[in-house]
K.L.:
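Shown below is the structure under consideration.
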There are 2 protein chains.
Amino acid sequence: MAKSTEGRGKSARTLAAILEAAEMLFARKGFDGTRLEDVAAAVGIRRPSISYYFRDKRVLYKAVQSAVLSGLRQRILGALARGAAPLERIENAITAWVHYVGERPATALIIMREIVETPGGRGPAAAEFLAPIVTAIRKEVEEGQRIGHFRAAEPLHFVFNIVGATTFFVTAGPILAPDLPFDPLDAEKQENHLFECLSVARRLLGVEAGSRVGAAAEGAAAK
Amino acid sequence: MAKSTEGRGKSARTLAAILEAAEMLFARKGFDGTRLEDVAAAVGIRRPSISYYFRDKRVLYKAVQSAVLSGLRQRILGALARGAAPLERIENAITAWVHYVGERPATALIIMREIVETPGGRGPAAAEFLAPIVTAIRKEVEEGQRIGHFRAAEPLHFVFNIVGATTFFVTAGPILAPDLPFDPLDAEKQENHLFECLSVARRLLGVEAGSRVGAAAEGAAAK
DNA sequence: GTCTATAACCCGATAGAC
DNA sequence: GTCTATCGGGTTATAGAC
């Protein structure tokens, strides 16, 4: 929007390249494991040049985290706003979630890293982005319970199950089944996973598998 | 067994204390985030004394990982051996899994850390312990499919879903719902989670929720 | 067995030239 | 904008006294 983020200058291109390289590296190696030197090398510049764009490493990390997670938040809250009944809105949100993670695999790794770093006390961090999403889902589940569409159950369990399932689907292959060729980025496997998530969601919400509410708004939810 | 691990000397007690402190710290802060000095402080000794028991930091980490994950493997494979039909054996394994993680919360964090570190290439690591478990479950699912008890589906999806759900159940509260008081160690919430895992498992395997196969061997599985 | 003291290393941050 | 050079904090590993 502003000239600082949209210019066509060398500056803007370098900045974008730094963010892109940092997203991949932070996701794969974590904050400590990523050397600023590696980010610079991936961009084709030298370490101190990064300081020209980001005051220090933590600021760079925050920028990456913000880009990934605010994109996720926007997608899910947008999807959640579409749909007539709670079940439909929730299914749109799940669809948006699975698709976003599929498009931007760093998402899953960054979320896992944030979860795992939180008990250590290093930074409040991602809660700023993720908590609003979870709250919105929870409200939707509670609304569905109130009007008798869903069974009574702890909404958080529902959230943890879906988020955990997709996150592991994308990341856990290499360690849980290292000798199997499992590609989570394969489109067919991904739709398969989405289908199972929707099925599990209905089971957890106490909705019979019959009715066919969700699949309609799919195109809108994905974009 | 041998005198080196079972002796009543000061040595054995210090070693056990180091392992215990390191398990908590590695789980909470990770490999890089844990300073040997903190481990020493938790035990009440000084940093170089750790070197007397473990040649370097990596060896200490491996020892912790081995303790946690080989315990898990033993528990799950043991549970999987009990039960007449695939469904019953799988339900025993899920029960053992949820209970183990509940008893030893470091398990979930260490598994997540291993998953997240693997793409970074730092150490082959936990696959040695986890892959055999997953393979055994997979075989059981495939057997159930072969004899027509389960629907056809990718067994790995099933595994990722259950493992991801429990892992997030235990760890994700502080970051996904920071303002809610959510205690995953609460016994009632844990049984609730187990119940939902079993329900989800049946859904994913295509088994009707009706029959009451699993709950019997529970006591044996937990011990 | 446990300590003190120190060596060696890595990496992020900064000064300042171009 | 990007570089070279350097400083400095923090942590591991090790030598050697007790």
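Chain A is the first sequence line, chain B the second, and so forth, proteins listed ahead of strands; every chain is numbered from 1.
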K.L.:
So that I can tick it off, tell me whether B:Arg113 and A:Glu117 are bridged by a salt bridge, with the cut-off set at under 4.0 angstrom between side-chain N and carboxylate O.
P.N.:
yes

K.L.:
For DNA chain D, what residues of residues 24-47 of chain A have any heavy atom nearer than 4.0 Å?
P.N.:
A:Ile45, A:Arg46

K.L.:
Provide the closest heavy-atom pair for A:Phe160 versus B:Phe182 in the form atom of the first, atom of the second, distance.
P.N.:
CE1-CE2, 3.5 Å

K.L.:
Relative to the ring of B:Phe31, is the ring of B:Phe26 parallel (under 30°), tilted (30 to 60°) or perpendicular (over 60°)?
P.N.:
parallel

K.L.:
Under the criterion side chain to side chain donor-acceptor pair (under 3.5 Å), which of B:Gln190, B:Glu196, B:His193 is the partner of B:Thr166?
P.N.:
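Output: one option passes, namely B:His193.
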
K.L.:
Between the side chains of B:Glu143 and B:Lys139, is the shortest nitrogen-to-carboxylate-oxygen separation below 4.0 Å, so that they form an ion pair?
P.N.:
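Salt bridge between B:Lys139 and B:Glu143, a charged N being under 4.0 Å from a carboxylate O: no.
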
K.L.:
Over how many whole Å does the gap from A:Asp56 atom CG to C:dC11 atom C1' extend?
P.N.:
13 Å

K.L.:
Looking at A:Lys189 and B:His157, what are the two nearest heavy atoms and their distance?
P.N.:
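In terms of heavy atoms, the two residues are closest at O-CE1, 3.7 Å.
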
K.L.:
To the nearest angstrom, how far is B:Lys57 atom NZ from D:dA13 atom C1'?
P.N.:
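The answer, rounded to whole Å, is 12 Å.
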
K.L.:
Give the residues of residues 48-55 of chain A touching DNA chain D, defined as any heavy atom closer than 4.0 Å, sorted by residue number.
P.N.:
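Here the set is A:Pro48, A:Ser49, A:Tyr52, A:Tyr53.
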
K.L.:
Nearest 0.5 angstrom please: B:Phe129 CZ to A:Ile175 CD1, how far?
P.N.:
11.0 Å

K.L.:
Taking 4.0 Å as the cut-off, does a side-chain nitrogen or oxygen of A:Lys10 come that near to OP1 or OP2 on D:dG1?
P.N.:
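No, outside the criterion.
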
K.L.:
Given atom CG of B:Leu60 and atom P of D:dT12, what is their separation to the nearest angstrom?
P.N.:
11 Å

K.L.:
Passes salt bridge (charged side-chain N to carboxylate O under 4.0 Å, His left out), B:Glu103 versus B:Arg75? Steps please.
P.N.:
CA-CA 12 Å; B:Glu103 291 166 25; B:Arg75 269 287 213 36; 3.0 Å; yes

